[in-house]
Amino acid sequence: MADNKALTPRATDFSAWYNELIMKAQLADYSPVRGCMVIRPNGYAIWEQMQAALDRMFKDTGHQNAYFPLFIPQSFLAREAEHVEGFAPETAVVTHGGGKLLDEPLVVRPTSETIIYAMYAKWIQSYRDLPLLINQWANVVRWELRTRLFLRTTEFLWQEGHTAHATEAEAEAETLMILGLYRNFMEQWMAMPVLTGRKTNSERFAGALRTYSCEALMQDNKALQAGTSHNLGQNFARAFEVRYQSQEGKEEYVWNTSWGVSTRLVGGLIMTHGDDTGLICPPRLAQYQVVIVPIYKADAERAAMLEAADKVKAELQTAGIRVHIDGREGIKPGAKYYEWETRGVPFRFELGPRDVAGGTVMLARRTGGAKEPLSLEGIGPRMVQEVGRMQHDLLNAATLRREHNSFRHPETKQAFIDYLEGGGGFVYAGWCGDPAVEAEIKEQTKATIRVIPDAEFRSSEAPAKCIWTGRPAVAEVVWARAY
RNA sequence: CGGGACGUAGCGCAGUCCGGUAGCGCACUGCAAUGGGGUUGCAGGGGUCGCGGGUUCAAAUCCCGCCGUCCCGACCA
């Protein structure tokens, strides 16, 4: 096991807390290769739960999985001007194979648009082939200078959806549908509230027409871009000659979308719910939703408690609850409690002789509150209810925190600056639409426009003026320092 | 790539100034007791002191070179 000391409190050093939590909960470890990360079983289990939920959602909306290769001919990347400009600086390039210099270097995919649309060009002939809705689960490599476990690593795991449509409207509808799907996943599964909206041009995906994103606010009041969905327009279709014959018999370029979420979400989960004890994993994503700690003295008691635990486990499993019995010997119950709390298990059952005699278990919730004896009668349905409630409570608490750390209608430029420099979260303010102003604000405050928010997130009264220049505002935008 | 710090057991460190048997805490292994919130006791295992060279009877320690890591700045899911 890892060391037994408490974590650095979040208030003391948030970043140290984050790193220590990951080590202590054994979610990941540093690899021998700089910037890379080993995802350990505890961390990978969360990712697997995420994958399972998202994969179901993608399939329910008509997508199929496929797999495209890791290596991309370097020339492919160059075919779309903005794309190559955006990604070339951070690619890893393979120059040798089998001991020989390659005729053409191979890029290790930083994202797969180019190779996928090269293939789509072969597969799509007619409007009858559209829409083409494909997703892939893959690893990608981006040669980052500054890395953080889960949040930004040189190699990371993700899914990337790539679709082709006959019309711009269809592509836009797909882009927005996925944005909503992501939001739903983040709220309902991760219990992580997000703002949705459009990115400004400077934050747009390299090669996209428009980029939309989900933005979450972490406990240190920094924003996390949690997922993006791009309307690629016909940029890649033109670069890769992805054309189809329309119903009217005309040759047209397809309209593409691409969208992705990554293992970064695990980092978002940690920084949304974690506390000074460790991880708090929302029950819907937890590897184990309930851990049973048997309590005993003599050997005879141990056997009886384990047997009772098995029965409880079976009942919970029947109700669809994921359960683990911690029957390890030589570790005191208290030590087990701390360990499972660090790992974020939502519910703990303590099961000892007194409970068995009384037909109860002692329930402890990871989110706090007093321990509570539960009757074994109907324990399955009861825990299903508890899972739903904790899921709801976590989302609620995170939403309240975000709103508490949001600032609408700063009166003056100085108030805007003060809020950001004082460690504030999301600031809603008017913007004149000038990219130079956006850059200047970033320069001075380190904050960027996270998103031009969707209608439901906008302030009831739209700001009339740009917070920086006083010129007429083209939109209300959300500013924050970001990961 | 620029500025700063640091490399000694799995982790955290002391020892380096002033050369002389490689240590401490935690973790780990075994046994026993303990067991409803981080358990004690006893006994153990584990080190090319980042790498290479030099000085010296003798180098973790002094000198030279290299490598690596972390933090701060320019780029980013």
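Quantities reported herein were computed from a predicted structural model and do not represent experimental measurements. Chain identifiers are assigned alphabetically (A, B, ...) following the order of the sequence lines, protein sequences preceding nucleic acid strands; residue numbering begins at 1 within each chain.
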Quiz item: Does any N or O donor sit under 3.5 Å from an N or O acceptor when you compare the side chain of A:R152 with the base of B:C76?
Solution: yes
Quiz item: Is a donor-acceptor contact shorter than 3.5 angstrom present between the side chain of A:K371 and the base of B:G37?
Solution: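 Per atom types, the contact qualifies.
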Quiz prompt | Aromatic ring pairing A:W137/A:F58, orientation class (parallel under 30°, perpendicular over 60°, tilted between) | solution = tilted
Practice problem: Measure the acute angle between the ring planes of A:W17 and A:F14, then classify it against the limits of 30° and 60° as parallel, tilted or perpendicular. | Solution: tilted
Roughly how far apart, to the nearest Å, are [N] and [M] at atom [atom1]?
N     : M    : atom1 : value
B:U40 : B:C6 : C1'   : 38 Å
B:A74 : B:G3 : C1'   : 13 Å
B:G46 : B:G2 : C1'   : 41 Å

Quiz item: Quick one: on RNA chain B, does A:L151 or A:N19 contact a more 5' nucleotide (nearest heavy atom)?
Solution: A:N19
Quiz item: How do A:Y338 and A:R450 order along RNA chain B: which one's closest nucleotide is nearer the 5' end?
Solution: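 The residue mapped nearer the 5' terminus is A:Y338.
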Quiz item: Can you name the ring-ring contact (aromatic ring centres under 6.0 Å, His included) partners of A:Y483, sequence neighbours left out?
Solution: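 Once residues adjacent in sequence are excluded, A:Y483 has no partner under the ring-ring contact (aromatic ring centres under 6.0 Å, His included) criterion.
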Quiz item: Side chain of A:K24: nearest nucleotide among B:G38, B:G35, B:A77?
Solution: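 It is B:G38.
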Self-check item: Identified pairing partner of B:A5, criterion: Watson-Crick or G-U wobble below 3.5 Å
Solution: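 Checking every strand shown, B:A5 finds its partner in B:U69, with both distances under 3.5 Å.
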Quiz item: If we call it a pair only when both distances are under 3.5 Å in a Watson-Crick or G-U wobble match, what pairs with B:U56?
Solution: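 B:U56 is paired with nothing.
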Practice problem: Using atom types as modelled and distance alone, determine if a side-chain donor or acceptor of A:H273 lies under 3.5 Å from a backbone N or O of A:A191. | Solution: yes
